[in-house]
Amino acid sequence: DYPEGLQSEFSSQLAVDGSMPTLTVTGSIDVLNAIYQKNFSLTQQLFARITSQAQGANAAKATISDQIRMEVEVRTPGPITVKNNVADLEALGSFRIPGTVANPVILGRADVQDGGELYFGPALNSQTLETTQRSDRYTIERGSIDFNNPLQTEPDLDFLATHELNVENDRYLIRLEVTGTPTTLKAELTSDPYLAQADIVTMLLTGRKIEELQGTYASVASEQALGYVSGQLSERVLKEAGNVLGLDTIRID
């Protein structure tokens, strides 16, 4: 059950050595298969469920688990699957878990296998769309997650994914790069042929460039680019986008 929401099948060989207060858990764990299906928002809390910061509230209350050190190796001979509102992918990796039983820390690297997808944009939080019906699908060309912080579990992402966008008679290849840790997370959109990022966002939202919009509608991309790449579009922006498209009613569930 660590991180919260992960369902897994594994085999392990662990040993506990020493005497209190210097017990140490050593050994290895092989994750035979695992799946993570919890939905979450693509914000700075992206990996909040797997960081040890959530354990901070218990720091003032020393327990026996705070006194048991860990030095455990974790291997993944089987794939770890992520299948939720943000991604559909499989990854393999190897990790080391130091720290304590109360506050374990993950160190290591996971590499994403070919053929995975990221879901990125206004449909991010929709749980009703079938995968084949989603318009925000990006095919992963490169993906890795590094855990290098010895003080806490802190994933460092490096993803490159692509999406084909057809607008009228033009075809664009949109590249999405996601890099950084949860506190420094950066998402960047580029295109071939070249478009400014504001134009990319507007075209993804409305099918038009900023220069083709009128009045307040031109602010859809320039004011909401960050909201778009974090999947959090405001009600106002959706209504404005709907007006640009000539829709009479916008309903937000």
Side-chain angles (χ1 to χ4, degrees), residues 2-8 31 34-55 74-76 78-99 104-126 131 134 136-163 173-191 197 200-201 204 225-233:
Y2 182 83
E4 179 190 351
L6 180 71
Q7 297 176 314
S8 61
V31 181
I35 186 168
Y36 185 85
Q37 294 180 296
K38 272 187 174 292
N39 289 343
F40 51 81
S41 298
L42 192 62
T43 64
Q44 288 187 355
Q45 289 75 41
L46 177 64
F47 279 85
R49 289 192 179 92
I50 69 173
T51 63
S52 57
Q53 293 173 338
Q55 310 270 350
V74 178
R75 302 179 293 252
T76 59
I80 297 176
T81 300
V82 176
K83 196 175 184 67
N84 56 16
N85 64 320
V86 171
D88 185 353
L89 58 83
E90 292 185 344
L92 297 173
S94 60
F95 310 93
R96 188 169 61 87
I97 304 181
V105 177
I106 297 176
L107 297 175
R109 177 184 175 92
D111 290 302
V112 176
Q113 296 181 305
D114 293 341
E117 293 181 336
L118 293 180
Y119 305 131
F120 203 73
L124 181 66
N125 293 318
S126 174
T131 299
R134 300 190 65 140
D136 59 344
R137 300 166 61 189
Y138 289 74
T139 302
I140 297 172
E141 295 190 357
R142 181 187 74 235
S144 64
I145 307 173
D146 289 289
F147 298 85
N148 298 319
N149 190 335
L151 301 179
Q152 66 180 28
T153 299
E154 184 179 58
D156 191 345
L157 282 71
D158 182 10
F159 278 83
L160 172 63
T162 59
H163 171 77
L173 182 65
I174 309 299
R175 296 186 183 89
L176 164 67
E177 288 193 74
V178 180
T179 56
T181 66
T183 56
T184 64
L185 193 65
K186 178 182 178 182
E188 183 178 2
L189 292 166
T190 58
S191 70
Q197 179 161 274
I200 296 173
V201 173
L204 288 168
L226 179 61
Y228 179 86
V229 297
S230 67
Q232 307 296 322
L233 290 176

Participant: To the closest 0.5 Å, what do you measure between NZ (K83) and CG (D88)?
Facilitator: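 Those atoms lie 3.5 Å apart.
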Participant: As an exercise, state the distance from OG1 of T81 to CD of Q113, rounded to the nearest 0.5 Å.
Facilitator: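 With rounding to 0.5 Å, OG1 (T81) is 8.5 Å from CD (Q113).
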Participant: Any side-chain heavy-atom pair from N149 and F147 closer than 4.5 angstrom?
Facilitator: no
Participant: A side-chain contact here means heavy atoms from C-beta on lying under 4.5 Å apart; do F159 and L176 qualify?
Facilitator: no
Participant: Does the side chain of L160 come within less than 4.5 Å of R175's, by heavy atoms?
Facilitator: yes
Participant: Under the criterion side chain to side chain contact (heavy atoms under 4.5 Å, CB included), I'd like the reasoning laid out for Y36 against N84: C-alpha separation, chi angles, the key distance, then a yes or no.
Facilitator: CA-CA 8 Å; Y36 185 85; N84 56 16; 4.0 Å; yes
Participant: When you compare the side chain of Q197 with that of T190, does any pair of heavy atoms fall below 4.5 Å?
Facilitator: no
Participant: Could I get the full list of side-chain hydrogen bond (donor to acceptor under 3.5 Å, both in side chains) partners for S191, not counting sequence neighbours?
Facilitator: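 Listed in chain order: nothing, the list is empty.
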Participant: Which pair of heavy atoms, one from L118 and one from A87, lies closest together, and at what distance?
Facilitator: CD2-CB, 3.9 Å
Participant: Measure across I106 and F95 and return the closest heavy-atom pair with its distance rounded to 0.1 Å.
Facilitator: CG2-CD2, 3.9 Å
Participant: How far apart are the closest heavy atoms of G78 and L92, and which atoms are they?
Facilitator: O-CD2, 3.4 Å
Participant: Side-chain contact test, heavy atoms from C-beta onward, threshold under 4.5 Å: evaluate it for D146 versus S144 and give yes or no.
Facilitator: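 D146 vs S144: side chains touch.
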Participant: What do the steps show when you test V31 against V74 for side chain to side chain contact (heavy atoms under 4.5 Å, CB included), and what is the final call?
Facilitator: CA-CA 7 Å; V31 181; V74 178; 3.9 Å; yes
Participant: Run the salt bridge (Lys or Arg N to Asp or Glu O under 4.0 Å) test against R96 and tell me which residues pass, sequence neighbours left out.
Facilitator: E71
Participant: Over all heavy atoms of both residues, which pair between L6 and A34 is shortest? Give the atoms and the distance, please.
Facilitator: CD1-CB, 3.9 Å
Participant: With sequence neighbours left out, what residues match E177 under salt bridge (Lys or Arg N to Asp or Glu O under 4.0 Å)?
Facilitator: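 Once residues adjacent in sequence are excluded, the partners of E177 under the salt bridge (Lys or Arg N to Asp or Glu O under 4.0 Å) criterion are R142.
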Participant: Do the non-hydrogen side-chain atoms of N85 and Y119 ever get within less than 4.5 Å of each other?
Facilitator: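 Counting from C-beta outward, N85 and Y119 never come under 4.5 Å.
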Participant: Taking all heavy atoms of N148 and all of L107, pick out the closest pair and write down the distance.
Facilitator: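 That closest heavy-atom pairing would be C-CD2, 3.9 Å.
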Participant: Short question: side chain of H163, backbone of I174 - any donor-acceptor pair under 3.5 Å?
Facilitator: no
Participant: If you look at every heavy atom in P155 and I145, which pair is closest and at what distance?
Facilitator: CB-CG2, 3.6 Å
Participant: How far does CG of D156 sit from OG1 of T179, to the nearest 0.5 angstrom?
Facilitator: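 Spacing of CG (D156) from OG1 (T179) equals 8.0 Å.
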Participant: For the CG atom on D114, are there more than 12 heavy atoms of other groups (residues, nucleotides or ligands in this structure) within a distance under 6.0 Å?
Facilitator: no
Participant: Report the C-alpha distance between T162 and E141 in whole Å, list the side-chain angles of each, state the deciding distance to 0.1 Å, and finish with yes or no for side chain to side chain contact (heavy atoms under 4.5 Å, CB included).
Facilitator: CA-CA 7 Å; T162 59; E141 295 190 357; 3.2 Å; yes
Participant: With side chains defined as the heavy atoms from C-beta onward, is the minimum distance between L204 and L189 less than 4.5 Å?
Facilitator: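 In short, these two side chains touch, coming nearer than 4.5 Å.
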Participant: Roughly how far, to the nearest 0.5 Å, is CD of Q152 from OG1 of T181?
Facilitator: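 Rounded to the nearest 0.5 Å, the OG1-CD separation comes out at 9.0 Å.
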